[in-house]
Amino acid sequence: MTASGTPKFTWRGEVIGPVAAIAAVLGTLVLGFYAAMCAAGFAPDLHPGYAVPSHLRRGTDLPPPPASYWVILCAPPLTIALLGGAAMLFAGRVRWIAFVGALTFLVGYLPFAVLVVSLDIGGFAPT
């Protein structure tokens with residue numbers, strides 16, 4: 001048996017809820033990108049030899065990047081994964097919100113962080 005009549009339109013359910021969800025996902029993407037830019041800015045400078053493209057470094061032996069370089073770049077996604085995992089574990093009602101928030105942050109953070117690391121370690125040749 002079906003309910004009589006059509007469902008009542010509510011601004012909160014049909015307009016504000018979906019718009020807020022879209023804004024939260026897009027905002028979390030932007031937050032991830034901004035966190036990657038900040039982490040790249042705080043990362044220590046590498047040896048000047050890393051500025052030479054990797055295919056042009058003939059026989060040079062460069063020191064590895066310092067541990068602080070990797071710690072600074074890995075701290076934001078590990079923090080978000082830890083907080084998101086804790087929220088998913090302990091808070092049942094916000095489990096999906098925490099999952100989507102952590103996932104969209106990582107989608108915004110990881111591509112830019114990989115680009116920065118590849119340019120730092122592999123060198124950059126604008127030719």
Non-hydrogen atoms of [X] and [Y] that approach each other most closely:
X: T28; Y: G101; answer: CG2-O, 3.2 Å
X: I80; Y: A102; answer: CG2-CA, 3.9 Å
X: I72; Y: A39; answer: CG2-O, 3.4 Å

### Message
Per the side-chain hydrogen bond (donor to acceptor under 3.5 Å, both in side chains) rule, what does the pair list look like for residues 65-84, sequence neighbours excluded?
### Response
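Found Y69-D120.
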### Pair listing, side-chain hydrogen bond (donor to acceptor under 3.5 Å, both in side chains) test, anchored in residues 83-103, at least two apart
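Listed once each, the pairs would be none.
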### Query
Does the side chain of L46 come within less than 4.5 Å of P66's, by heavy atoms?
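Yes. Closest side-chain heavy atoms under 4.5 Å.
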### Query
Which of these passes side-chain contact (heavy atoms from CB on, under 4.5 Å) with V100: T104, L103, I97?
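Exactly one candidate clears the test, T104.
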Linking I/L/V/M/F/W/Y whenever their side-chain heavy atoms sit closer than 4.5 Å, directly or via other members, would [X] and [Y] fall into one cluster?
X: F99; Y: L89; answer: no
X: F112; Y: V25; answer: no
X: M37; Y: V116; answer: yes

Taking atom [atom1] of [X] and atom [atom2] of [Y], what is their separation to the nearest 0.5 Å?
X: L26; Y: L31; atom1: CG; atom2: CG; value: 12.5 Å
X: L106; Y: L78; atom1: CG; atom2: CG; value: 9.0 Å
X: L73; Y: Y109; atom1: CG; atom2: OH; value: 5.0 Å

## Note on the structure
Contacts of Y34 meeting ring-ring contact (aromatic ring centres under 6.0 Å, His included) (sequence neighbours excluded), chain-then-number -> none
